[in-house]
Enquirer: 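The following block contains the structure, expressed as structure tokens.
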Amino acid sequence: MSLVPTRVQLNRPLPPLTYLAPEGLPVGVRVRVRVRNSLAVGLAMGPDPAPPAAKLRPVEAVIDPFPLLPPKLRELQAFAARYYGCLEAHLLPLSLPQALLPHWEADEDGQRLSFHRDRGAWDVLADLGEAWHRDPSILPTLLHRPVLRGAGFTEVRLTGAPHPPRVTPAQAKILLALEEAGGALMEPELLEAAGVGASVLGTLEKRGLVARMKRVDLLAQRREAGADRTVILNDEQGVALEAVAPGTFGVHLLQGVTGSGKTEVYLALAERVLAAGRRVLWLVPEIGLTARLLDRLEARFPGRIAVGHAGLNAGEKHGDVVRLLFNGADLFVGVRNAVMAPLRDIGLIVVDEEHEGSYKSEEHPRIHARDLAIKRAQLEGCPIVLGSATPSLESWQAAQSGRYRLIQLKQRPAGITLPAVEVVDLRDAYREMRRKVILTPLLMRALMDVLARGEQALLLLNRRGYENFWMCRACGRTLGCPHCAISLTYHRGDFRLRCHLCGHETVPPEACPDCGADHLRGVGEGTEQVEEHLKQLFPAARILRLDRDTTRRRGSFEAGLLAAETGEVDILVGTQMLAKGHTFPKLTLVGVLNADQGLKVADFRASERTFQLLTQVAGRAGRAELPGRVILQTYSPEHPAITFALAQDFEGFAASELPFREGLGYPPFTALSLYRAEADTPKEAREALETFRQHLSVPGLRVLGPLEAPVPRVRDRWRMHLLLKGTRGALGEVLARHPLDPSGPISLDRDPIQFG
Ligand code: ADP
Ligand code: ZN
């Protein structure tokens, strides 16, 4: 058996490396290789036609007998790697846990897989792999099915908290082992890898450097009454059902307000597809919103569902992936990365709340799950349904131009009326009261009415903390983060000034560090202050604040929601995490304290996001029998994002916003590629982008920059942006002609949605 130079991609910021590997090794199998002095898992990518002259190391082991990913999923990953400018090895963990190891002693017809390996018969194994993907039952012992039990089922993760200057050698071993494994490992594996005892873990956990997590079994949560009742579709829903042709690729945009019956349409479609023996991939923006959905799915398709989300620990993911690879689940519900789940024979893809930003990854690889879902449907030759009350303008424009098929549910569900929406001009309130106003008199009175009637109110303010920043009244200095170019936020609960980007925190100083005056003063209220204000105004009311600070502990957000749903809360205060998908039966008042807050950011989608947020939060009021009221406090009552949200008029908003986008050459009329450079100095970052810009050789592009990023420094790294506008084809051409060095200073964000 001969060894030949073979390219191997690692899931690291490195270009492909070359190793000696068995001749004929199929592309897409995992190998274990030595990099410097550690072992890593890599993806074999075929022979290297021009191997480096240096002496090559052999691979340590071949992990897989054949590629474990279903062929169409490998096609999707190859596409995504090209599109987003990353390596397939960077995408692999989204589909396959690293700990998933096939069993070489598995046999088929009495022949062990290791026998073929030892003879170098990779072609025999490749054929076997194809047969296995058609029918996994031919190799029933290929993958170990994990037994789910006790302590072995705890995962340890790095928390990402700032690193202290010193740790003990034993602690360092644990931190390094976690780092090496990509940030998380099952507890027993970790202790073995690090060679230390469990007490060290406890110490690290107390210091906040690692966290231990156990499974929260969503399917075992409480059952919603009536989840299993099947409904008779109304006429509109019937039309929607018939519009989605099974067995052929087509993109459908299903638009209808919350409660208009979109989920019932997805369920009816899923039922057809499952009856025809194919599978369903169902994407949701956040798993916290899906307890109710899972109830409905379990009731409708008992035992056929699997769930994937970021909160699962490594063992849980492992179990789910094995189940999918053995065709043990027919419907897979999951968040962003589920678009890469190893499901075969997909007959339908559902993307619920398709406009949600959480479908886009803000870390490398920066995939957009909705866009990849469309590509996946095309590869699988199946329909895809994108659903939303407030579709993204990208999807809406595609439906207007006929590329997607538009299906609308316009009937209001029985018993639900539009809430009455009112606007209060904060400028008037300020003129009258001559001081900062958190609650205008109108909102105050409305709150008192709600409390008097024993109903619920929700107040939204999209800023956590007590005060947004501290400023010295004598010299004008604001207290900023020493590592990032933003100001620190004051958190009164733990008496800290904290950086919301890097987590840096300090005890607030008594005097200004510059001029020494004791005139430091907080500016801009956050949710913590609103909560305190409410407690003073309504001492007898039960007030619950839900934001990132109060929901750090796993399950605490769900617990808070449950308390609100069951009527144990009178006033809910929180950030936008409260705006989405929840139903609070007694909620009759929604107050948005500063409705134009999101309009101030320098982002061409600011208006669209504000409209979506306001429409969604307004939809929370009066969902059951009680009529609802919505009060928007704002400094810009005339802004279209606010006036159309007032009328709950999505189409009007889209019609007013799209011409702006077209005029300025922004999506959906052009595509964007954002090249970001990060370096230790601003000069290095700028020069990297300038050099890149000078060499650009693709015609028909508009190039903006290099410009300072809106936050020019984060964690002591300087950031510059170069924005390319053009067709998707031209931007793809840029990537093909000017590939980025994965270990260089520039990274690419295609179709960016965050410009921070
Ligand atoms: P959406 O997904 O648009 O928010 P759902 O499908 O969840 O809407 O429907 C909202 C509620 O109305 C659910 O309780 C659902 O069971 C009910 N519902 C939907 N369609 C019908 C129908 N045709 N007949 C009776 N009830 C329905
Ligand atoms: Zn910082």
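Counting starts at 1 for both ligands and their atoms, in listed order. Side chains are part of it too, since the values below use all heavy atoms of this structure and drop only hydrogens, waters and symmetry mates.
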Enquirer: Would you mind listing which atoms of ligand 1 come within a distance below 4.0 Å of any non-hydrogen atom of I232?
Expert: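 Near I232, the atoms of ligand 1 are 22 (C), 23 (N), 24 (N).
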
Enquirer: Any side-chain donor paired with an acceptor under 3.5 Å for R370 and S392?
Expert: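 Present: a donor and an acceptor within the cut-off.
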
Enquirer: Can you tell which of Q411, Q237, E353, E264 gets a heavy atom nearest to atom 6 (O) of ligand 1?
Expert: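 When every heavy atom of Q411, Q237, E353, E264 is considered, E264 comes closest to atom 6 (O) of ligand 1.
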
Enquirer: Applying side chain to side chain contact (heavy atoms under 4.5 Å, CB included), can you list everything that pairs with A373, at least two apart in sequence or on another chain?
Expert: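 If we apply the side chain to side chain contact (heavy atoms under 4.5 Å, CB included) test to A373, skipping adjacent residues, the hits are L283, V339, I349, V351, I384.
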
Enquirer: R300 vs E271, test: salt bridge (Lys or Arg N to Asp or Glu O under 4.0 Å). Steps then yes/no.
Expert: CA-CA 9 Å; R300 193 90 167 242; E271 193 159 284; 2.9 Å; yes

Enquirer: Indicate, as side chain, backbone, both or neither, the part of R296 found under 4.0 angstrom from ligand 1 when only non-hydrogen atoms are considered.
Expert: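 Under 4.0 Å from ligand 1, R296 contributes side-chain atoms alone.
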
Enquirer: N/O of L233 under 3.5 Å from N/O of ligand 1, yes or no?
Expert: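 For ligand 1, there is no N or O atom that lies under 3.5 Å from one belonging to L233.
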
Enquirer: Report the relative orientation of the aromatic rings in H504 and H483; use parallel for angles under 30°, tilted for 30 to 60°, perpendicular for over 60°.
Expert: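 Rings of H504 and H483: perpendicular, over 60°.
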
Enquirer: Within the structure provided, determine whether F469 and L479 are in side-chain contact (heavy-atom separation under 4.5 Å).
Expert: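 A side-chain contact is absent here, since even the closest heavy-atom pair is not under 4.5 Å.
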
Enquirer: For W396 together with Y404, are the ring centres under 6.0 Å from each other?
Expert: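 No, the ring centres sit 6.0 Å or more apart.
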
Enquirer: What part of V265 sits under 4.0 Å from ligand 1 if we count only heavy atoms: the side chain, the backbone, both or neither?
Expert: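 Within the 4.0 Å criterion, V265 makes no contact with ligand 1.
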
Enquirer: Does V231 reach ligand 1 with a nitrogen or oxygen that is under 3.5 Å from one of the ligand's nitrogen or oxygen atoms?
Expert: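 N/O-N/O distance under 3.5 Å: no.
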
Enquirer: Using a 4.0 Å heavy-atom cut-off, say whether L409 meets ligand 1 through its side chain, its backbone, both or neither.
Expert: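 Near ligand 1, L409 shows nothing, with every heavy atom at 4.0 Å or more.
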
Enquirer: Do ligand 1 and G256 have nitrogen or oxygen atoms that lie under 3.5 Å from each other?
Expert: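 No - when backbone and side-chain N and O of G256 are compared with those of ligand 1, no distance drops under 3.5 Å.
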
Enquirer: So which protein N/O/S atoms does the Zn ion (ligand 2) have within less than 2.8 Å?
Expert: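 Protein N, O or S atoms closer than 2.8 Å to the Zn ion (ligand 2): C481 SG, C484 SG, C499 SG, C502 SG.
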
Enquirer: Taking the side chain as everything from C-beta on, heavy atoms only, tell me whether L281 gets closer than 4.5 Å to V350.
Expert: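 No, every pair of side-chain atoms sits at 4.5 Å or beyond.
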
Enquirer: By side chain to side chain contact (heavy atoms under 4.5 Å, CB included), which residues pair with D371, not counting sequence neighbours?
Expert: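 D371 satisfies side chain to side chain contact (heavy atoms under 4.5 Å, CB included) with Y84, H368, R728, D751 only.
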
Enquirer: Mark yes or no for whether R521, through its side chain, and C472, through its backbone, hold a donor-acceptor pair below 3.5 Å.
Expert: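 Absent.
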
Enquirer: Under 4.0 Å from any heavy atom of G261, which atoms of ligand 1 are there?
Expert: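 Contacts of ligand 1 toward G261, numbered from 1: 1 (P), 3 (O), 5 (P), 6 (O), 8 (O), 9 (O), 19 (C).
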
Enquirer: List the steps, then state whether salt bridge (Lys or Arg N to Asp or Glu O under 4.0 Å) holds for E528 with R492.
Expert: CA-CA 8 Å; E528 195 184 357; R492 184 174 235 173; over 6 Å; no

Enquirer: So if I count the atoms of ligand 1 from 1 in the order they appear, which ones are less than 4.0 Å from some heavy atom of N234?
Expert: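 Listed by number with element, the hits are 23 (N).
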
Enquirer: Name all residues meeting the ring-ring contact (aromatic ring centres under 6.0 Å, His included) criterion together with Y466; count only those two or more places apart in sequence or in a different chain, and write none if there are none.
Expert: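 Scan of Y466 (ring-ring contact (aromatic ring centres under 6.0 Å, His included), adjacent residues dropped) gives Y490.
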
